[in-house]
Enquirer: 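Shown below is the structure under consideration.
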Amino acid sequence: MSVKFDVKLTSEDMYRFNLHHAYTSLQGILSLVMGVFIIAVIIISGQFQEFITAVPYVALALIFLLYIPITLWFRSKRQILMSDVLRDVLHYELNEEGIVVTSDALEEQALLPWGQVYKAVTTKHNFLIYSNRVNAYIIPKNQVEEHLSEIYDAFEKHCEAYRLKIKR
């Protein structure tokens with residue numbers, strides 16, 4: 001059984017991956033908690049009734065809440081622009097050996113054997129195939145809708161269940 005499909009990544013796809021990756025890590029969660037905590041302190045505390053005394057705390061809360069999304073937006077755009085491979089169409093083939101990825105920009109192919117798949121995760125917009133804790137192949141669901149069930153079947157057949165976080 002072999003499943004073949006093509007993917008053209010956009011900066012929006014990369015941004016969604018980066019956001020998911022950031023906010024499922026401790027740093028992202030703590031930045032949200034701290035931002036909300038500071039806003040709660042401003043609202044609850046009676047000491048910040050004057051606007052001028054609350055400004056530094058509001059600014060600090062905004063830094064905690066907006067720094068990560070804004071920097072990830074610019075990083076995602078830069079990643080797509082700077083990489084010939086990511087700007088090109090990626091050709092995927094899921095076969096008995098593993099996941100084969102080729103691109104017209106590169107003459108070589110990349111093979112990720114099934115045994116080396118770190119985890120596979122579905123999000124609202126993407127299917128992510130992690131090769132380690134940080135790096136993942138990003139497959140936008142809207143580009144492979146007709147192949148999604150075959151893709152999920154291949155992963156369920158070849159990967160251990162604890163590595164899969166797939167919602168059909």
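Basis for what follows: all heavy atoms, side chains included, without hydrogens, waters or symmetry-related copies.
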Enquirer: Side-chain contact, heavy-atom cut-off 4.5 Å: Leu86 with Met14?
Expert: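 Heavy-atom side-chain distance check passes, below 4.5 Å.
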Enquirer: Quick check: are there more than 12 heavy atoms from other residues, nucleotides or ligands sitting under 6.0 Å from CD of Glu146?
Expert: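 Enclosed: over 12 neighbouring heavy atoms sit under 6.0 Å from CD of Glu146.
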Enquirer: With the side chain counted from C-beta on, respond yes when Glu96 and Lys157 share a heavy-atom pair under 4.5 Å apart, and no when they do not.
Expert: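 The answer is yes; the side chains approach within 4.5 Å.
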Enquirer: With a 4.0 Å cut-off, would you call Glu160 and Lys119 a salt bridge?
Expert: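 A salt bridge is absent here (no side-chain N lies under 4.0 Å from a carboxylate O).
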Enquirer: Step by step, would you call Leu19 with Trp73 a side chain to side chain contact (heavy atoms under 4.5 Å, CB included)?
Expert: CA-CA 9 Å; Leu19 272 181; Trp73 174 256; over 6 Å; no
Enquirer: Rounded to the nearest 0.5 Å, what's the gap from OG on Ser2 to CD on Glu150? Could you check?
Expert: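 That separation rounds to 9.5 Å.
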Enquirer: At what distance, to the nearest 0.5 angstrom, does CE of Met82 lie from CZ of Arg87?
Expert: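 If I round to the nearest 0.5 Å, the distance is 9.0 Å.
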Enquirer: When you compare the side chain of Val117 with that of Leu112, does any pair of heavy atoms fall below 4.5 Å?
Expert: yes
Enquirer: Looking at every heavy atom in both Pro69 and Tyr15, which two are closest together, and how far apart are they?
Expert: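 Scanning both residues, the minimum pair turns out to be O-CE1, 3.3 Å.
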Enquirer: Measure the spacing between CZ of Phe17 and CD of Gln79 and express it to the nearest 0.5 Å.
Expert: 8.5 Å
Enquirer: Answer whether the closest heavy-atom distance between the side chains of Val144 and Ile151 falls below 4.5 Å.
Expert: yes
Enquirer: Keeping the roles fixed (side chain from Thr71, backbone from Tyr67), state whether a donor-acceptor pair exists under 3.5 Å.
Expert: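 Between the backbone of Tyr67 and the side chain of Thr71 there is a qualifying donor-acceptor contact (under 3.5 Å).
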Enquirer: For residues Leu94 and Phe155, determine if any side-chain heavy atom of one lies less than 4.5 Å from a side-chain heavy atom of the other.
Expert: yes
Enquirer: Please say whether more than 12 non-hydrogen atoms of neighbouring residues, nucleotides or ligands are located less than 6.0 Å from NZ in Lys165.
Expert: no
Enquirer: When clusters are formed by joining ILVMFWY residues with side-chain heavy atoms under 4.5 Å apart, either directly or through shared neighbours, do Tyr118 and Val100 land in the same one?
Expert: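 In one cluster: no.
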Enquirer: What pairs with Asp153 under salt bridge (Lys or Arg N to Asp or Glu O under 4.0 Å), at least two apart in sequence or on another chain?
Expert: Arg168
Enquirer: Identify every side-chain donor-acceptor pair in residues 129-141 under 3.5 Å, counting partners at least two apart or on other chains, and give the distances.
Expert:
residue, atom, partner, partner atom, Å
Asn132, OD1, Val134, N, 2.8
Asn132, OD1, Asn135, N, 2.7
Lys141, NZ, Thr123, O, 2.6

Enquirer: Indicate if Ile70 and Phe64 have the same hydrophobic cluster label, given that clusters are the connected sets of ILVMFWY residues with side-chain heavy-atom separations under 4.5 angstrom.
Expert: yes
Enquirer: Please list every donor-acceptor pair under 3.5 Å in which a side-chain atom of residues 24-37 meets a protein atom from a residue at least two apart or in another chain.
Expert:
residue, atom, partner, partner atom, Å
Thr24, OG1, His20, O, 2.7
Thr24, OG1, His21, O, 3.3
Ser25, OG, Ala22, O, 2.6
Ser31, OG, Gly28, O, 2.8

Enquirer: Between Asp6 and Gln143, is any side-chain donor less than 3.5 angstrom from a side-chain acceptor?
Expert: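 No donor-acceptor contact under 3.5 Å links the two side chains.
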Enquirer: I need the Arg75 CZ to Leu72 CG distance, nearest 0.5 Å.
Expert: 5.5 Å
Enquirer: I'd like to know if Ile39 and Val58 are part of one continuous hydrophobic network [Ile/Leu/Val/Met/Phe/Trp/Tyr, side-chain heavy atoms within less than 4.5 Å].
Expert: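 Same cluster: Val58 reaches Ile39 through Ile, Leu, Val, Met, Phe, Trp or Tyr contacts under 4.5 Å.
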Enquirer: With side chains defined as the heavy atoms from C-beta onward, is the minimum distance between Glu93 and Gln109 less than 4.5 Å?
Expert: no
Enquirer: Within this structure, what is the OG-CZ distance for the pair Ser11 and Arg16, rounded to the nearest 0.5 Å?
Expert: 10.5 Å
Enquirer: In terms of hydrophobic clusters joined by side-chain contacts under 4.5 Å, are Tyr57 and Leu62 together?
Expert: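 Hydrophobic grouping puts Tyr57 with Leu62.
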Enquirer: Are the side chain of Asn95 and the backbone N or O of Glu97 linked by a donor-acceptor pair below 3.5 Å?
Expert: yes
Enquirer: Quick one: CZ on Phe5 to NE2 on His91, what's the gap to the nearest 0.5 Å?
Expert: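 Atom-to-atom, Phe5:CZ and His91:NE2 are 12.0 Å apart.
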Enquirer: Does any donor atom in the side chain of Ser76 or Asn18 lie under 3.5 Å from an acceptor atom in the other side chain?
Expert: yes
Enquirer: In the single-linkage hydrophobic clustering (I, L, V, M, F, W, Y; side-chain heavy atoms under 4.5 Å), do Ile99 and Leu111 co-cluster?
Expert: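 No; tracing contacts between hydrophobic side chains, which count when under 4.5 Å, never links both residues.
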